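Written out below as C-alpha cells is the structure these notes cover.
Start at 1 and go down the list; that is how both ligands and their atoms are numbered. Here the structure is a predicted model, which is why all the values come from computation and not from measurement.
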Amino acid sequence: MKNVVLIGFMGVGKGSVAREVIKHSSYMAIDTDDLIESMENRKVKSIFDTEGEEYFRNLEKSVALWLEESVKNTLISTGGGFYKQKNLKKIGIIVLLDSPFDAIIQRIKLHPNAAKKLKKRPLLSDLKEAKKLYDARRPEYLKLADIVVDVTNKSAKICSEELLKKVKKHG
Ligand code: S3P
C-alpha cells in the first residue's frame with residue numbers, strides 16, 4: 001500500500017480524520033508535528049518561539065526525507081505548512097482535507113479544548129494573518145492534491161469513509 005499524505009490548513013481535522021481512518025483500515029498512522037516534537041523533546045510552539053519558523057521548516061524537511069526513504073503503508077498527517085516540502089509527491093498519495101476558513105475557525109472554537117488548540121498554533125494567533133495565509137495556501141493545496149475531501153460540517157467518520165473510498169479508486 002502506498003502512503004496517504006493528509007494535507008490541509010491548521011485545524012481542518014487532519015488528526016481526527018487520521019484516527020478514524022486507522023480504525024477502519026490497515027494503515028499505520030504518524031503525524032509530522034508529533035515526530036518533530038519527539039525529535040526535539042519540546043512542543044512546536046516552543047520551537048517556533050525560541051528558534052523561529054525557518055528552523056521548524058528545516059525539521060520538516062528532515063522528516064519529509066525520512067518519510068520518503070523509510071515509511072510505507074502509513075497514513076501521514078502533516079502540519080499545515082508541510083505541503084511545501086519538495087519531495088511531497090514522492091511520499092505518497094496526497095489527500096487534501098478542504099474547508100472554508102470560517103468553517104475551520106468555527107470548528108476549532110466549538111471544540112471543548114478550543115483555547116488550547118488555538119494557543120498551540122503560533123500561526124493562528126492573529127486571525128487576520130491566518131486568513132491571509134489560508135488564501136495564499138488554498139490554491140497551492142488544491143494544485144498538489146491527488147484527492148480532495150470536503151470536510152465541512154461532516155463527522156470524522158464520514159470523512160474517513162469518503163477518503164478510503166477515493167483512495168481505493170485512485171489506486
Ligand atoms: C503550521 C501548522 C501546524 C504546525 C505549525 C505550523 C502551518 O500544524 O505544523 O504550527 O504552517 O500551518 P497543524 O496543521 O496540525 O495545526
Query - Sub-3.5 Å N/O-N/O distance, R137 and ligand 1 - result: yes
Query - Contact check: G79 vs ligand 1, nitrogen or oxygen atoms, below 3.5 angstrom - result: no
Min heavy-atom dist [X] to ligand 1 below 4.0 Å:
X	answer
K120	no
F82	no
R57	yes

Report task. Mind telling me whether F48 and F56 have parallel, tilted or perpendicular rings, with 30° and 60° as the class edges? Result -> tilted
Requested in this report: Verify the neighbour count for atom NZ of K61: are there more than 12 heavy atoms of other residues, nucleotides or ligands below 6.0 Å?
Outcome: no
Query - Option from T74, V5, N87, I30 for which side-chain contact (heavy atoms from CB on, under 4.5 Å) with L67 holds - result: I30
Taking 4.0 angstrom as the limit, do [X] and [Y] come out as a salt bridge?
X	Y	result
K23	E20	yes
E60	R57	yes
E140	K84	no
K14	D31	no

Query raised in the report: At what distance is the nearest protein heavy atom to atom 14 (O) of ligand 1, and which residue and atom is it?
Result: K14 NZ, 2.6 Å
Query - Shortest protein contact, atom 1 (C) of ligand 1 (heavy atom only) - result: G80 N, 3.9 Å
Query raised in the report: Taking atom types as modelled and ignoring hydrogens, do the side chains of R42 and T50 form a donor-acceptor contact shorter than 3.5 angstrom?
Result: yes
Under 4.0 Å from a heavy atom of [X]: which atoms of ligand 1 are those, numbered in the order shown and with their elements?
X	result
P122	10 (O)
D33	3 (C), 4 (C), 8 (O), 9 (O), 13 (P), 15 (O)
R121	13 (P), 15 (O), 16 (O)
V44	5 (C), 10 (O)

Requested in this report: Have a look at ligand 1 and work out which part of T32, if any, has a heavy atom under 4.0 Å from it: side chain, backbone, both or neither.
Outcome: neither
Query raised in the report: For ligand 1, is any non-hydrogen atom under 4.0 Å from K45's backbone (N, CA, C, O), its side chain (CB onward), both, or neither?
Result: neither
Query raised in the report: Nearest heavy-atom pair of I104 and S99: which atoms, and what distance?
Result: CD1-O, 3.6 Å
